[in-house]
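Notes to accompany the following structure.
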Amino acid sequence: MKRFSFPKKKRLVSNEQFKAVLSRSRRSSNGLLILYMAENDCGYCRLGVSIGKSSGNAVVRNRLKRLLREAFRQNQHQIPAGFDYVLMISPRWSRKSNVEKNLKLPIFEQVEASLLALINSNIKD
RNA sequence: AGAGUGGGUCGGGCGGUCGCCGGCUUCUUUUGAAGCCGGAGGAAAGUCCGAGCAGGACAGGGCACGGUGGUGGCUAACGGCCACCCGGGGCGACCCGCGGGAAAGUGCCGCAGAAAAUACACAGCCGAUGUCCCUUAGGGGAACAGGCAAUGGUGAAAUGGUGCGGUAAGAGCGCACCGCGGCGCCGGUGACGGCGCCGGCAGGGUAAACCCCACCGCCUGCAAGACCAAGCAGCCGGACACUCGGCCCGGGUACGGGCGGCUAACAGCCGCUCUGCCGGCGGGUAGGUCGCUUGCCGAAAGGCAGAGCCAACCGGCAACGGUUGGUCAAGAUAAAUGGUCGCCACCCGCCUUUUUAGGCGGGAUACAGAACUCGGCUUACAGACCCACUCUUUUU
RNA sequence: AGCCCGGUAGUGUAGCGGUCAAUCAUCCGAGGCUCUGGACCUCGUGACGACGGUUCGAAUCCGUCCUGGGCUA
């Protein structure tokens with residue numbers, strides 16, 4: 001039960017933390033997400049989500065952020081500790097959603113699978 | 001039954017499970033844990049108006065600048081709302097209108113057209129009257145003086161419109177109706193309306209051009225603003241030294257260290273450099289707390305106050321107001337309000353069944369996310385429901 | 001979140017109620033010059049963010065949206 005909790009100390013919470021991760025991280029992406037990961041000295045993993053205005057209006061951005069956070073929370077015991085992660089939405093997907101207006105938001109399973117695939121490919125390296 | 005008009009309500013529900021934010025209580029040294037409670041909208045949006053609140057400025061008044069603009073109400077206020085008036089549209093329910101002043105003044109009205117605000121006369125008409133010419137003495141000519149603004153063409157707009165009379169030709173020149181203006185009476189709080197009489201017409205449009213009139217308005221905005229601890233520039237005081245007054249104490253002067261020069265050297269003087277000790281004040285920035293989530297009083301129970309919310313009743317055509325009762329309602333800051341599963345509800349198709357209904361499969365769930373708080377406006381919106389009313393057709 | 005500016009050819013701009021059927025430069029296309037290309041000359045295509053209103057007439061004035069940008073001691 002405890003392993004699913006997601007308190008505030010497991011999140012990136014200030015601008016300095018984000019800058020630190022983005023400046024000294026490895027970057028990888030697929031068609032939906034962009035992942036930055038960098039080592040930290042906390043002993044656990046931390047998550048930051050950054051979704052730009054090009055992804056959609058406030059409702060869409062809120063929805064995407066919650067999906068990413070939920071996928072991270074439910075799979076945090078499979079994710080290697082000692083790293084900071086920053087997730088963004090790929091501009092490829094944003095362009096697609098701008099062009100096709102009726103494109104649906106990704107469902108939870110899609111986001112989860114995409115996230116795990118990215119992290120696994122990074123572990124192998 | 002069909003077509004339509006106006007207004008309103010909702011815009012998924014219940015449960016399980018894993019999480020997030022805030023508050024309270026208990027345990028816990030901190031850190032956290034457990035329990036209970038609360039946790040997005042009708043537009044939270046756009047930021048187009050109006051208020052509260054905060055800071056700054058300010059005697060009062062005026063100017064400038066900006067806004068509003070039929071009338072009367074409502075409201076804390078408004079550019080909002082309600083009712084009515086006027087004009088326009090619709091068979092009608094009803095809808096639309098930035099709807100004051102052009103006789104205070106200024107400006108503008110391209111092209112076309114003779115002429116665009118001055119009454120001018122291009123093409124024209126007439127030439128009755130006067131002059132002239134011809135004359136067969138009846139008259140004729142349209143040459144001059146002069147009369148006319150009906151007709152033509154232009155334009156968005158040409159100095160009231162139509163008809164009849166009238167005339168040399170014409171003309172509100174006269175008359176009838178319509179329009180316009182003035183006066184009186186009546187109705188209305190008023191915008192305005194009705195009736196009667198008089199006037200032959202008073203002289204274009206534009207004020208979302210300047211302007212005039214009436215009314216309103218200080219400027220900036222919660223990233224406002226207040227506070228806290230730390231550090232920095234700066235400022236003040238003290239201590240150390242000398243001196244004066246007999247002392248406490250008070251006043252005055254010089255800080256102090258290092259290096260160099262003058263001097264044989266010390267002291268002293270001059271120059272350069274470093275700004276050290278203690279205490280206090282301390283602008284702004286970055287950080288945090290408050291503002292900030294109903295407020296105040298109170299230990300609590302509770303009480304009082306809110307342009308607060310929900311009902312009922314009363315007054316009012318209505319907007320709205322009053323009384324009584326109940327209720328207190330998200331508060332984040334890389335920013336909570338979510339993920340997933342099941343059942344129900346909505347729509348469509350198929351099957352079973354006389355129907356009700358049941359089963360299976362599929363689909364749809366819009367616009368959109370609080371950021372100091374309210375009152376409006378505007379814009380976006382799948383679908384569902386309710387109320388009132390209008391027109392047409394059919395039946396009784 | 002609050003506040004404030006702008007929108008004219010592919011690009012950068014002028015216009016301030018009427019000769020706007022919209023200026024200039026550049027780009028693009030065609031032709032000329034040249035043996036060919038460049039430069040130069042001539043001609044052409046191409047725009048008032050959208051909708052509504054005021055006006056005889058709107059790029060211009062007014063309103064509502066759309067869109068781009070800026071500031072916040």
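Chain letters run A, B, ... following the sequence lines, proteins first, then strands; residues in each count from 1.
Taking every side-chain heavy atom of A:F6 into account, B:G19 is the closest of B:U337, B:C21, B:G19. The listed nucleotides are B:A40, B:A368, B:C18; the one nearest the side chain of A:N57 is B:A368. Checking B:G19, B:G369, B:A334 against every side-chain atom of A:F18, the shortest atom distance belongs to B:A334.
A gap of 16 Å separates the P atoms of B:U289 and B:C24, to the nearest Å. Separating the P atom of B:A117 from that of B:U159 is a span of 15 Å, rounded to the nearest Å. Comparing B:U151 with B:G179, their P atoms sit 23 Å apart, to the nearest whole Å. The gap from the P atom of B:G38 to that of B:G308 amounts to 25 Å, rounded to the nearest Å. The C1' atoms of B:C125 and B:A149 are separated by 10 Å, rounded to the nearest whole Å. Between B:A202 and B:U154, the distance separating the two C1' atoms is 29 Å to the nearest Å. Between B:G375 and B:C310, the distance separating the two P atoms is 10 Å to the nearest Å. Going from the P atom of C:C3 to that of C:G18 covers 36 Å, rounded to whole Å.
Between A:R11 and B:G19 there is no side-chain N or O to OP1 or OP2 distance below 4.0 Å.
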Side chain to side chain contact (heavy atoms under 4.5 Å, CB included) between A:R69 and A:F6, intermediate numbers included: CA-CA 9 Å; A:R69 225 176 47 200; A:F6 190 58; 3.4 Å; yes
Give the C-alpha distance, both sets of side-chain angles, the deciding distance and a yes or no for side chain to side chain contact (heavy atoms under 4.5 Å, CB included) between A:R27 and A:I34. CA-CA 7 Å; A:R27 174 178 181 279; A:I34 300 178; 3.8 Å; yes
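Between A:S50 and A:A58, the residue anchored nearer the 5' end of RNA chain B, judged by the nucleotide with its closest heavy atom, is A:S50. Both A:K65 and A:F108 lie near RNA chain B, and the one whose nearest nucleotide falls closer to the 5' end is A:K65.
For A:N62 (side chain) and A:K65 (main-chain N/O), no donor-acceptor pair under 3.5 Å exists by modelled atom type.
Glycosidic conformation of B:G138: syn, with the torsion inside 90° of 0. In this structure, B:G205 shows a glycosidic angle more than 90 degrees from zero, which is the anti conformation.
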Dot-bracket for RNA chain C, 5' to 3', with Watson-Crick and G-U pairs under 3.5 Å, [ ] for crossing pairs and | for other-strand pairs: what is it? ((((((((.[[[..)..(.....]]].(((((.......)))))....[[[[[..)....]]]]]))))))).
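Not a single donor-acceptor pair, N or O on each side, falls under 3.5 Å between the base of B:C20 and the side chain of A:R69.
For A:Y85 and A:F72, the distance between ring centers is under 6.0 angstrom.
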